[in-house]
Colleague: 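One structure, as structure tokens, below. Some questions next.
Predicted model, so just to flag it, every value in this text is computed and none were measured.
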Amino acid sequence: MGKLITGIHHVTAVASDAQKNIDFYMGVLGLRLVKKTVNFDGPDVYHFYYGDETGRPGSLLTFFPYQGLVNGRQGKGMLNTTTFSVPTSSLNYWLERLKRFGINYKKPQERFADETVVYFEDEDGLGLEFVFNDKDARQGFSLGHIPAEHSVRGFYNVEIWEEGYERTAALLTEQLDHQLIAEKGNRFRFAANDSPGNYVDLLCSPDRMKGLAGSGTVHHIAFATPDKQTQEEVRLRIVKRMLNPSPVLDRTYFTSVYFREPGGVLFEVATSGPGFAVDEPVDQLGVSLQLPRQYEEDREQIEKTLPRISVNPDKYK
Ligand code: ZN
């Protein structure tokens, strides 16, 4: 039997300013805005999806930008760092680029073998890293203002801080098809698929304060499952583990099931398809506001409520 979980699908975070969010992720980092839509559970807020050319699972970072929302706090029970995979030879390029746009970063540091890590944050303090490595076979995406050879390939890993890691580890290995593939100090690395974009690091961090939701924090992480049938099978496993999963919800670009893992982080299982070309062509992804059917009749009101944004990555050449 094939795996029910194939890796990371997306990470969703909360921001405080739609325009600054666009400028940072499209402009500075050069990701593609693959979908501009609204929060399906509250359409007065945007939902931005950034990723590679078509928004493949393992490249997707998404945001709810609540204008003016106060900052949350990193801590345990939270996914605190999302990392991007870039080639080793791009180290100087990216350090220069962060410097040029006034983004503070921490000194490069070795983590596991052949991984050089640089920590930085976005405008809201969301924890990010570049992981410079040479084991990523994915093509990056370039809007043109960042040379293709330096472009972000997608995620590398995510980092979750936990009071204790054992119960979350058991969920990952017993229900979510992950394996422990590396460990160092208090860091335990799991993956459903041993390749960049799919590593889940649990950090045993009992001395940390508890994380608090707000801007600059992650709302949830989604794992990828091939289709609706495998999603239903995973859902049953979660029911048997008594973690009370949500019903299957239609998110237009995938279907979703949510549940809270024992350490407090919201997990989602999302289907790999149908993907972002379901309501606009690939060459037009993210250009116009896409609404799910149930909100289409309120489009005029929704467009009036949402803040105006402009997309001009050329400012970030
Ligand atoms: Zn999600």
Side-chain angles (χ1 to χ4, degrees), residues 2-11 25 28-32 34 50-61 79-98 105-120 126-143 146-161 165 169 172-173 176-203 218 221-226 270 272:
K3 285 195 167 188
L4 299 184
I5 296 290
T6 53
I8 295 175
H9 191 288
H10 64 268
V11 171
Y25 289 95
V28 178
L29 298 188
L31 306 183
R32 184 173 195 192
V34 291
Y50 303 96
D52 66 8
E53 186 177 13
T54 57
R56 289 178 189 86
S59 77
L60 282 167
L61 180 57
L79 193 166
N80 291 304
T81 311
T82 303
T83 81
F84 297 109
S85 179
V86 276
T88 305
S89 55
S90 301
L91 181 72
N92 288 336
Y93 174 85
W94 281 107
L95 295 190
E96 294 277 305
R97 191 164 171 81
L98 292 179
Y105 59 84
K106 295 194 179 162
K107 240 174 145 170
Q109 201 181 353
E110 286 292 314
R111 184 166 289 153
F112 291 111
D114 306 315
E115 275 179 29
T116 302
V117 177
V118 172
Y119 180 90
F120 60 105
L126 187 74
L128 302 170
E129 279 171 350
F130 283 129
V131 179
F132 297 92
N133 71 95
D134 287 319
K135 59 181 192 182
D136 199 332
R138 296 172 294 178
Q139 296 284 321
F141 171 74
S142 175
L143 292 161
I146 288 172
E149 72 262 32
H150 299 312
S151 63
V152 169
R153 284 5 188 197
F155 293 146
Y156 189 83
N157 69 289
V158 294
E159 182 178 300
I160 297 173
W161 298 359
Y165 84 103
L172 286 172
T173 55
L176 300 177
D177 290 341
H178 281 59
Q179 281 181 314
L180 178 68
I181 58 162
E183 61 177 280
K184 193 178 196 180
N186 67 337
R187 181 181 298 266
F188 299 84
R189 174 164 289 179
F190 295 84
N193 169 356
D194 186 354
S195 62
N198 298 305
Y199 301 127
V200 178
D201 292 3
L202 299 184
L203 262 65
V218 165
I221 173 173
F223 295 93
T225 191
S272 293

Colleague: Is a donor on one side and an acceptor on the other found under 3.5 Å between the side chain of Asp201 and the backbone of Arg187?
Modeller: no

Colleague: Test your reading of the model: is there a side-chain donor-acceptor pair from Ser85 to the backbone of Gly154, 3.5 Å cut-off?
Modeller: no

Colleague: Take Val158 and Val218 through the side chain to side chain contact (heavy atoms under 4.5 Å, CB included) test and state the conclusion after the steps.
Modeller: CA-CA 11 Å; Val158 294; Val218 165; over 6 Å; no

Colleague: Please walk me through it: do Tyr25 and Leu128 pass side chain to side chain contact (heavy atoms under 4.5 Å, CB included)?
Modeller: CA-CA 11 Å; Tyr25 289 95; Leu128 302 170; 3.5 Å; yes

Colleague: Might you point out which heavy atoms bring Asn133 and Pro196 nearest each other, and give the distance in Å?
Modeller: OD1-CG, 4.2 Å

Colleague: Does atom NZ (Lys184) have a neighbourhood of more than 12 heavy atoms from anything else shown, all under 6.0 Å?
Modeller: yes

Colleague: How close do Asp177 and Ile5 get, heavy atom to heavy atom, and via which atoms?
Modeller: OD2-N, 3.2 Å

Colleague: Considering residues at least two apart in sequence or located in another chain, which fulfil the salt bridge (Lys or Arg N to Asp or Glu O under 4.0 Å) criterion with Arg97?
Modeller: none

Colleague: Count the heavy atoms of every other residue, nucleotide or ligand shown that sit under 6.0 Å from NZ of Lys135, and state whether that count exceeds 12.
Modeller: yes

Colleague: Among residues at least two apart in sequence or on other chains, which ones pass side chain to side chain contact (heavy atoms under 4.5 Å, CB included) with Pro108?
Modeller: Leu91, Leu95, Thr116, Val118

Colleague: Using salt bridge (Lys or Arg N to Asp or Glu O under 4.0 Å) as the criterion, list what pairs up with Arg56, not counting sequence neighbours.
Modeller: Asp52

Colleague: Looking at Phe130, Phe132, Tyr93, which one forms a ring pair (Phe, Tyr, Trp, His ring centres under 6.0 Å) with His150?
Modeller: Tyr93

Colleague: Do you know the tightest heavy-atom contact between Phe155 and Leu61?
Modeller: CZ-N, 3.8 Å

Colleague: Got a sec, which residues hit side chain to side chain contact (heavy atoms under 4.5 Å, CB included) with Val117, two or more places apart in sequence or on another chain?
Modeller: Arg111, Glu129, Val131

Colleague: According to side-chain hydrogen bond (donor to acceptor under 3.5 Å, both in side chains), who are the partners of Ser142, at least two apart in sequence or on a separate chain?
Modeller: none

Colleague: Output all residues satisfying side chain to side chain contact (heavy atoms under 4.5 Å, CB included) with Asp134, sequence neighbours left out; order by chain, then residue number.
Modeller: Pro87, Thr88

Colleague: Return yes if some donor-acceptor pair links the side-chain N/O of Ser272 with the main-chain N/O of Ala224 below 3.5 Å, else return no.
Modeller: no

Colleague: Apply side chain to side chain contact (heavy atoms under 4.5 Å, CB included) to Glu159 and Leu203, showing your working.
Modeller: CA-CA 7 Å; Glu159 182 178 300; Leu203 262 65; 3.6 Å; yes

Colleague: With a sphere of 6.0 Å drawn around CD of Gln179, does it hold more than 12 non-hydrogen atoms of other residues, nucleotides or ligands?
Modeller: no

Colleague: Mind checking what makes ring pair (Phe, Tyr, Trp, His ring centres under 6.0 Å) contact with Tyr119, not counting sequence neighbours?
Modeller: none

Colleague: Which heavy-atom pair separates Asp114 from Glu110 by the least distance, and what is that distance?
Modeller: N-OE1, 4.0 Å

Colleague: Which atoms form the tightest heavy-atom contact between Thr81 and Leu79, and what is the distance?
Modeller: O-CD2, 3.4 Å

Colleague: Just jot down the side chain to side chain contact (heavy atoms under 4.5 Å, CB included) partners of Leu180, sequence neighbours excluded, or say none.
Modeller: Glu183, Phe188, Phe190

Colleague: Between Arg32 (side chain only) and Glu53 (backbone N and O only), is there a donor and an acceptor less than 3.5 Å apart?
Modeller: yes

Colleague: State which residues pass ring pair (Phe, Tyr, Trp, His ring centres under 6.0 Å) with Tyr156; sequence neighbours excluded, sorted by chain then number.
Modeller: Tyr199

Colleague: Please name all residues satisfying side-chain hydrogen bond (donor to acceptor under 3.5 Å, both in side chains) with Ser151, sequence neighbours left out, ordered by chain then number.
Modeller: Arg153

Colleague: Taking only residues two or more places apart in sequence, or in another chain, which ones meet Phe112 in a ring pair (Phe, Tyr, Trp, His ring centres under 6.0 Å)?
Modeller: none

Colleague: Quick one: does any side-chain atom of Asn198 pair with a main-chain N or O of Ile8 as donor and acceptor, under 3.5 Å?
Modeller: yes

Colleague: Just jot down the ring pair (Phe, Tyr, Trp, His ring centres under 6.0 Å) partners of His10, sequence neighbours excluded, or say none.
Modeller: His220, Phe254

Colleague: Donor-acceptor pair, distance only, cut-off 3.5 Å: does the side chain of Asn193 make one with the backbone of Gly7?
Modeller: no

Colleague: Which heavy atom of Asn80 sits nearest to which heavy atom of Trp161, and what is that distance?
Modeller: ND2-CD2, 2.9 Å

